[in-house]
Amino acid sequence: MLQLKVIREEKQRIVSGLRKRNWAAQQLRVIDRIIDTDELRRSTQKELDDALAEGNRLAKSIGQLMAQGKKDEAETLKTQVATLKVKSASLEEKLNGLKTQLDDLLYSVPNCPHKSVPKGKTPEENKVAKDWTKPFPTLPENALPHWELAKQYNLFDLELGVKLTGAGFPVYRGKGARLQRGLIQFFLDEAVKAGYEEILPPHLVNEDTARGTGQLPDKEAQMYKCELDNLYLIPTAEVPVTNIMRDEIVPVKDLPVKMTAYTPCFRREAGSYGAHVRGLNRVHQFDKVEIVQIEHPDRSYKALQGMVRHVEKIMNKLELPYRILLLCGGDMGFSSAKTYDFEVWSAAQKRWLEVSSVSCFETFQANRMKLRYRDENGKLELAHTLNGSALALARIVAAILENNQTPEGIRLPKVLWKYTGFKMI
RNA sequence: GGAGAGGUGGCAGAGUGGUUGAAUGCACCUGAUUCGAAAUCAGACGUACCUUCGCGGGUACCGGGGGUUCGAAUCCCUCCCUCUCCGCCA
C-alpha cells in the first residue's frame, strides 16, 4: 500500500498518477477521505495518549500513597482513574475504528505509476518498448498449434489431467516432461549466473505471507486454499520469496538482495474459456522461475532495466521472437509502479503470448511488509521491491514447440540440448 | 496422534504485581589509548505512532488476542508457535 506520509505530502503527484490508471474524479475522492481520516486518527491518538498518560501518573501516585498508608487519598484517586478509564476505553474504540477504516481505504488504492508510465486504459494502449524486427519463423503448410503437437509427440496430456485433477492441470510426459525440467534448470542456472541466490521455498503459505505481497485481502479468489490448515497454494514464487524479507531490516551494504526460485504456480483464474485459452495458454498449474530483487530506492529503476535485460538474454538464447511492452497505467497490476511485459510469438497460433512480467513496486509491497534498510546515517527507510518471471514455462513451451516444428520433428534450441539430452522431439 | 517443557531486545539470558522499555553478558556503533591492530577503558545502543522548528516530551509493544487490578513481562482465559520424548511416516 501507499505510504500515508507520501499521500499527505505529495497528494498532487499521487492524484495525477492515479489518473493514469483512469481513476475518475469520483474514485479520487478516496484520497481526500484518507487524508481526513488520518487527521482524525491523529487527533484521537493524541487525546488517547493524554488520557493514558494521566492514568499512568495517577496509578503511580496511588502506589506511593498506599506505601505511605494514606488509604483515603488513594481511594479518591481511584475514582478519578475509573472515570478516566471509561474515557480512554471509548477513545481507544474510536481510534481502532479509524485505523481499520484508514487501512481499508489504503488497501483500496493501487500503486502510483512511475512518471514514465504511459497513459491508457486497455492493453492496446501499451507501448511497444522493443519490437521484433526480424522475420517470424515460417512454418510448413500443415503447422500445428502446440496442443496438437503435444498429442502427436505425446508431450503433455490435458485430458489425463482432468482425470487426475480437473481442467487446467496438464500432465507432462516423456520428452515433454524432460523439456519442462530442462527449461527450469536452464532458467535457474541463468539466474544464478546473474547473481541471484537460488531459493526453494514452500509452495504453501500462511495468511501473513499472502498479505505481505498483497494477495490478501483482495485477491483471495485467485488462490487455492487449504481450508483445514488455513494455508494457500502460491500463485507465484514471488509470494514466499519476497516474504523472506518481511519485517526485516537490511543493512544498506547488503543491497541489492537478489533471489531466484523455481516453483509451480497455482491459479484459480475464474477466467474465460475458448480458443485463446486452449492448450497451455492458460492453466491452473504451471511452472515458473521467478527473480526477485530488494533494492535501494535510488537504484531500483536501474535494477528494473537489469532484470529486463536478463529476460531478454534468455529469450535470445532460446531463439524465440519476442517483444517488450511497457504497460500503460490502465493495464498495470495493482501493486506495480512500472511493468514491462514480455511476449513471445507463437507462430502457429499467430499471436503474442505473455511469458514474463517484470515490475518495480517501489515501496508499495515493502510498506505492507515492513521491509526496510538502514541507511548510512542509521535511519530506517522502506526498500524497493522488484520481481519478474524468468521465465514462465507453459507458454514458452508452447512457443518452442510451435515455432520449431518441421516435417522431421521439433528442433530444440541449441542452448537446451545439454539440459534435455536430446536435440529433436 | 500421545506426554512434557517453553516463547523476554540482533543473540544469549535475568526478571512472579508498583517509576522495568526491561539487569547482566556478547555483538554492533562512537570516542580514548596505539604507527596500526588486538586487548583495555568510557559512552551510545529496540520498534511504531503522536507531539515539537529543534532539544525534548508522550503513548503502546516482553508470541497474538482477551480478562483481573489504581497498577501486569509478572496473575487468569484463549489462540498460535517452538523444543524434547513416544507413536506414525517420505
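Just so we're on the same page: letters track the sequence lines, and every chain starts at 1.
- Here A/Glu75 lies out of heavy-atom contact (under 4.0 Å) with every strand.
- If you check B/C29 for Watson-Crick or wobble pairing at under 3.5 angstrom, you find it paired to B/G43.
- The partner of B/U59 is B/A48, by the rule that a Watson-Crick or G-U pair needs both atom distances under 3.5 Å.
- Using a 4.0 Å cut-off between charged side-chain N and carboxylate O, A/Lys46 and A/Asp49 make no salt bridge.
- Nucleic acid contact class of A/Leu380 (heavy atoms, under 4.0 Å, all strands): sugar-phosphate only.
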- Could you run through nucleotides 56-80 of chain B and give me one letter per nucleotide, 5' to 3': B if any protein heavy atom sits under 4.0 Å from the base, S if only the sugar-phosphate is that close, - if neither? --BSS---------BS---------
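- With a cut-off of 3.5 Å on both pairing distances, the Watson-Crick or G-U wobble partner of B/G4 is B/C83.
- Using N1 to N3 plus N6-O4 or O6-N4 for Watson-Crick, or N1-O2 and O6-N3 for G-U wobble, each under 3.5 Å, B/C35 pairs with nothing.
- We find that A/Lys99 and A/Asp103 are not joined by a salt bridge, their nearest charged nitrogen and carboxylate oxygen being 4.0 Å or further apart.
- Base pairing of B/G54: no nucleotide in any strand meets the Watson-Crick or G-U wobble criterion (both distances under 3.5 Å).
- In this structure, the ring of A/His114 has its center less than 6.0 angstrom from the ring center of A/Tyr301.
- Just one of A/Thr385, A/Thr339, A/Asn387, A/Asn111 meets the side-chain hydrogen bond (donor to acceptor under 3.5 Å, both in side chains) condition when paired with A/Ser359; it is A/Thr339.
- Under a 4.0 Å N-O distance rule, the pair A/Lys78/A/Glu75 qualifies as a salt bridge.
- Here the side chain of A/Asn243 pairs no donor or acceptor atom with the backbone of A/Arg246 at under 3.5 angstrom.
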